[in-house]
There are 2 protein chains.
Amino acid sequence: MVLPVNEARDRALDAAEQLIYARGVHAVGMDDVRELSGVSLKRLYALFPGKEALVEAVLERRDGRWRQRLADFVTRVGDRDERLLAVFDWLAEWFAEPDFRGCAWINVFGELGSTSPAVLAQVRGHKRRFAEQLAGWVADAHRPAELAPQLLLLAEGAMVTAGIHGGPGPAHEARRAAAALLSR
Amino acid sequence: MVLPVNEARDRALDAAEQLIYARGVHAVGMDDVRELSGVSLKRLYALFPGKEALVEAVLERRDGRWRQRLADFVTRVGDRDERLLAVFDWLAEWFAEPDFRGCAWINVFGELGSTSPAVLAQVRGHKRRFAEQLAGWVADAHRPAELAPQLLLLAEGAMVTAGIHGGPGPAHEARRAAAALLSR
DNA sequence: TAGAGTAGAGAACCGTGGTTCTCCCCGTCA
DNA sequence: TGACGGGGAGAACCACGGTTCTCTACTCTA
């Protein structure tokens, strides 16, 4: 039986995402992706021009999913002020997942940011879109626009700190700080 | 003329630090370090057991210097509350340096955090000591202890955002947020 | 059923990089 | 002055990983 193109592509992206998130880009070989995905090297190179394009595709798909998950969680909250705090509740849940290893984009930037323009564009695009999401919710709450970048810094700080030390603690700290900024 | 051990070690660390900060660990070869430092491979391997130990030594020395520079800047400010804000002024100066490429420890963590215990220990140690520095200044200002981790998140968020997008803007945002937290 | 084309397994190719080794120079000291 | 030993230049060694190629099997179709 022959795997349809879309399914082979999905399997390849699944495997690559899992491995790269766990170990970093350069620690994952195309052969590792082949082994985990069951998609042959030949097909991998038919689906993606090379490893860099695979990494790019992984980041792009993850961006859509990540922001969708966040948005689903946040917009389930009715109160517009509470939504802003719910961002940090969602971060806390994420940080507590057993295979959490920090923010994939921050990690990839640390590894490749200065050497791969394509990956750098993915990272900047993701962070910009996340900032826009936040800014939208700040506007919905009729809060001053300058609040959004401040909440963004708290979220980014929480992601990086949780990545390095582990655990949801930084999300709780960030939530407290965000509440303080909201209560002024 | 024969280079004394300490000077050879310094030159090797200087070169390795510069290259690794600019390009990331895996993009720098021992031969690049040899070329820039003028220290032969033989001597590099006499000074350090291997590349990982060199990276470790680079991070350790940079930790001392980085926190010293920060402390010098901050403690020059008389007012204890202003000191807390001065942290972000210093970050702004750092971010504006032409070769700024984000926080070296965050970057290295993204690249090696999950694969090198020695490097991970350096990263955690640095971040812990930075947090302790901040906590000390918060205590000096007779501010509640829970303020320190919140300022830490702002600082980390600023470092990561400035690394990705460039420029001192995130430090200014973080300073405003910190001032808001202080004015409650 | 025969032929064609596609896909997989796995070897092969090629560059790179960490680490070690060889060869030679030069300063030192008996 | 001659043996010695540290140090440098650069080759060599070895493993790894991205990419391509070969060979074979299988499926689909005429």
Side-chain angles (χ1 to χ4, degrees), chain A residues 1-59 107-108 111-112 114-119 122, chain B residues 1-59 107-108 111-112 114-119 122:
Chain A
M1 64 124 211
V2 178
L3 219 50
V5 170
N6 284 347
E7 189 165 345
R9 187 183 157 87
D10 285 345
R11 287 196 193 181
L13 289 174
D14 288 344
E17 181 173 1
Q18 176 182 333
L19 291 170
I20 288 171
Y21 182 62
R23 301 190 214 155
V25 174
H26 88 268
V28 173
M30 293 298 273
D31 209 58
D32 298 322
V33 176
R34 177 199 59 75
E35 189 178 350
L36 183 61
S37 66
V39 176
S40 70
L41 280 179
K42 198 174 184 181
R43 203 141 190 224
L44 281 178
Y45 280 94
L47 290 164
F48 306 95
K51 187 181 181 182
E52 187 178 21
L54 174 59
V55 173
E56 233 184 306
V58 162
L59 292 178
N107 292 346
V108 164
E111 185 170 357
L112 301 178
S114 51
T115 57
S116 165
V119 166
Q122 283 295 325
Chain B
M1 64 123 211
V2 177
L3 218 50
V5 170
N6 285 346
E7 189 164 345
R9 188 183 156 87
D10 286 345
R11 287 195 193 182
L13 289 174
D14 288 343
E17 180 172 1
Q18 176 183 333
L19 292 170
I20 289 171
Y21 181 64
R23 301 190 214 153
V25 173
H26 89 269
V28 173
M30 293 297 274
D31 208 58
D32 298 322
V33 176
R34 178 199 59 74
E35 189 178 349
L36 184 61
S37 67
V39 176
S40 70
L41 280 179
K42 197 176 183 180
R43 206 147 188 217
L44 280 178
Y45 280 93
L47 290 165
F48 306 95
K51 188 181 180 182
E52 188 178 21
L54 174 60
V55 173
E56 233 185 305
V58 163
L59 291 178
N107 292 346
V108 165
E111 186 169 357
L112 301 178
S114 50
T115 57
S116 165
V119 167
Q122 283 295 324

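These figures come from a predicted structure and were not determined experimentally. Per chain, numbering begins at 1; letters A, B, ... match sequence-line order.
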Keeping the roles fixed (side chain from A:Ser37, backbone from A:Arg11), state whether a donor-acceptor pair exists under 3.5 Å.
-> no

Residue pair A:Ala12 / A:Leu44: nearest heavy atoms and the distance that separates them | CB-CD2, 3.5 Å

Is the distance from OP1 or OP2 of C:dG18 to the nearest side-chain N or O of B:Lys51 less than 4.0 Å?
-> yes

Rounded to whole Å, the CG-P distance (B:Asp31 to C:dG15) equals 17 Å

Given the rule in the side chain to side chain contact (heavy atoms under 4.5 Å, CB included) test, do A:Val58 and A:Phe48 qualify, once you have shown the distances and angles that lead to the verdict?
-> CA-CA 11 Å; A:Val58 162; A:Phe48 306 95; over 6 Å; no

Let me know, please, whether B:Lys42 or B:Glu52 comes out on the 5' side of the other along DNA chain C by nearest nucleotide.
-> B:Glu52

Atom OH in A:Tyr45, atom CG in A:Leu54: separation rounded to 0.5 Å?
-> 9.0 Å

A:Leu44 has an atom CG; how far is it from atom P of D:dC21, in whole Å?
-> 16 Å

Kindly point out which of C:dT19, D:dG18, C:dG8 is positioned nearest to the side chain of A:Met30?
-> D:dG18

To the nearest Å, how far apart are A:Leu54 CG and D:dG17 P?
-> 15 Å

Find the distance B:Arg34:CZ to D:dG10:P and express it as a whole number of Å.
-> 8 Å

5'-most by nearest nucleotide on DNA chain D - A:Asp32 or A:Leu41 | A:Asp32

Interatomic distance, B:Arg23 CZ vs C:dT16 P [rounded to whole Å] | 13 Å

B:Phe48 CZ to C:dT19 P, in whole Å, measures 13 Å

Rounding to a whole Å, what distance do you find between A:Tyr45:OH and C:dG10:P?
-> 18 Å

Answer with base, sugar-phosphate or nothing: what part of the nucleic acid does B:Val28 contact at a heavy-atom distance below 4.0 Å?
-> sugar-phosphate

Between atom NE2 in B:His26 and atom C1' in D:dC16, what is the gap in whole Å?
-> 13 Å

Which listed nucleotide (D:dG7, C:dG18, D:dG18) is nearest to the side chain of B:Arg43?
-> D:dG7

Under the 3.5 angstrom rule, does the side chain of B:Glu111 hit a backbone N or O of B:Val25 as a donor-acceptor pair?
-> yes

